[in-house]
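This report concerns only the one structure given below.
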Amino acid sequence: MKYALVTGGSRGIGRAVCLNLAEMGYKILINFQSNIQEAEKTLELIREKGGDGELMQFNVSQKEEVEGVLGSWIEKNPDKVIEVLVNNAGIRKDNLLMWMSEEEWHGVLDISLNGFFYITRLVVKGMLVNKYGRIVNVVSLSGIKGMPGQTNYSASKAAIIGATKALAQEVGRRGVTVNAVAPGFIVTDMTKDINEKEFKSLIPLARFGTAEEVSNVVSFLASDKASYITGEVISVNGGLYT
Ligand code: NAP
């Protein structure tokens with residue numbers, strides 16, 4: 001039984017990733033922090049498409065929760081293999097650095113970066129034993145070029161890009177690939193306070209992207225077809241960065 005674990009699978013990009021991976025035949029472990037209704041909706045949408053999965057509630061930034069919930073699942077299900085891990089859970093807490101509180105700094109770093117660490121080190125073990133695995137980290141344009149007002153967020157995403165490249169070199173020999181996808185402005189709850197009309201003139205494709213446009217790239221990297229790509233960061237930003 002082959003599983004894909006998607007952190008932050010209850011909404012936005014994570015939900016679209018869950019649906020794509022379910023179409024590829026994976027059973028989906030839908031992680032979320034608190035929004036059980038939206039997580040159930042993701043599962044319902046997966047089932048409508050003929051797939052299946054399980055909800056898995058834990059806060060990715062809390063080591064005890066990650067080990068308690070995900071660690072126990074892995075221990076209790078030796079016959080089940082997590083072949084795909086998508087580290088997608090993330091938040092924004094924007095502020096200028098001079099005004100930034102410790103809560104804003106640590107809140108973003110703890111979820112993006114520590115979450116990546118706690119989860120990936122648990123899941124990669126099984127991938128190494130099976131000599132197959134796909135890890136895809138959802139980062140951001142902000143982690144490549146830096147965005148004012150987002151030193152916390154840019155730092156966390158840039159750190160994951162570094163970790164992606166390092167881990168890719170650790171595990172490549174065992175058939176495990178590690179890549180990152182860097183979205184630009186995507187229409188989800190995370191960007192609902194950003195006015196598309198104001199920003200779209202900066203984007204060569206003249207609009208914000210959709211969660212599906214990101215999940216199509218994530219699911220390609222999570223597939224067999226991406227077998228010779230590792231340590232890469234693929235931008236999905238409508239041409240904004242270049
Ligand atoms: P979103 O719509 O706000 O959804 C965030 C998801 O992350 C939800 O499923 C949420 O769970 C989950 N989450 C948040 N904190 C968590 C925690 N501590 N533990 C477990 N789950 C947690 O965000 P999105 O726009 O889809 O973003 C997904 C990823 O793409 C993030 O890493 C984000 O940084 C990145 N990204 C987004 C954009 C964009 O324009 N939207 C651009 C670049 C990068 P609950 O539903 O339970 O709250």
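Computed from a predicted model, the values in this text were never measured in an experiment. In listed order, ligands and their atoms are each counted from 1.
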> Between Trp105 and Tyr153, does the ring centroid distance fall short of 6.0 Å?
Replying inline: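 No, they do not, as the ring centres are separated by 6.0 Å or more.
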>> Just to verify, what does Glu38 make a side-chain hydrogen bond (donor to acceptor under 3.5 Å, both in side chains) with, not counting sequence neighbours?
In response: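 Scan of Glu38 (side-chain hydrogen bond (donor to acceptor under 3.5 Å, both in side chains), adjacent residues dropped) gives Arg15.
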> For ligand 1, is any non-hydrogen atom under 4.0 Å from Asn31's backbone (N, CA, C, O), its side chain (CB onward), both, or neither?
Replying inline: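 Under 4.0 Å from ligand 1, Asn31 contributes side-chain atoms alone.
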> Using a heavy-atom cut-off of under 4.0 Å, does the side chain or the backbone of Ile91 touch ligand 1, or both, or neither?
Replying inline: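 Only the side chain of Ile91 comes within reach of ligand 1.
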>> Using 30° and 60° as the class boundaries, would you call the ring planes of Phe208 and Phe185 parallel, tilted or perpendicular?
In response: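 Parallel.
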>> Checking side chain to side chain contact (heavy atoms under 4.5 Å, CB included) between Thr7 and each of Ile30, Val60, Val138, which is the one that passes?
In response: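 Exactly one candidate clears the test, Val60.
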Closest approach of any protein heavy atom to [atom], naming residue and atom:
atom: atom 19 (N) of ligand 1; value: Val60 N, 3.0 Å
atom: atom 28 (C) of ligand 1; value: Asn88 OD1, 3.1 Å
atom: atom 16 (C) of ligand 1; value: Gln33 OE1, 3.5 Å
atom: atom 9 (O) of ligand 1; value: Ser10 OG, 2.6 Å
atom: atom 41 (N) of ligand 1; value: Thr188 OG1, 3.1 Å
atom: atom 26 (O) of ligand 1; value: Ile13 N, 2.8 Å
atom: atom 5 (C) of ligand 1; value: Gly90 O, 4.0 Å
atom: atom 43 (C) of ligand 1; value: Pro183 O, 3.4 Å

May I ask whether [X] has any heavy atom positioned less than 4.0 angstrom from an atom of ligand 1?
X: Lys157; value: yes
X: Arg11; value: yes
X: Tyr153; value: yes
X: Ile194; value: no
X: Ile111; value: yes

Sub-4.0 Å atoms of ligand 1 with respect to non-hydrogen atoms of [X]:
X: Val139; result: 35 (C), 36 (N), 43 (C), 44 (C)
X: Asp189; result: 2 (O)
X: Asn59; result: 17 (C), 18 (N), 19 (N)
X: Ser34; result: 47 (O)
X: Phe58; result: 19 (N), 20 (C)

Nitrogen or oxygen of [X] less than 3.5 angstrom from that of ligand 1:
X: Phe185; answer: no
X: Ser61; answer: no
X: Gly184; answer: yes
X: Gly14; answer: no
X: Ser140; answer: no
X: Phe32; answer: no

>> Using 0.5 Å steps for rounding, measure from the CG atom of Asn59 to the CD atom of Glu64.
In response: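 Between atom CG of Asn59 and atom CD of Glu64 there are 10.5 Å.
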>> Nearest 0.5 Å, please: how far is CD in Glu83 from CG in Leu5?
In response: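 Between atom CG of Leu5 and atom CD of Glu83 there are 13.5 Å.
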Going by heavy-atom distance to [atom], choose the closest among [options].
atom: atom 40 (O) of ligand 1; options: Ile186, Asn237, Val17; value: Ile186
atom: atom 6 (C) of ligand 1; options: Ser112, Gly8, Gly12; value: Gly8
atom: atom 30 (O) of ligand 1; options: Ile119, Thr191, Val138; value: Val138

> Would the number of heavy atoms belonging to other residues, nucleotides or ligands and lying under 6.0 Å from NZ of Lys80 be above 12?
Replying inline: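 Enclosed: over 12 neighbouring heavy atoms sit under 6.0 Å from NZ of Lys80.
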> Are Arg121 and Glu67 within salt-bridge range, i.e. N to O under 4.0 Å?
Replying inline: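 So Arg121 pairs with Glu67 through a salt bridge.
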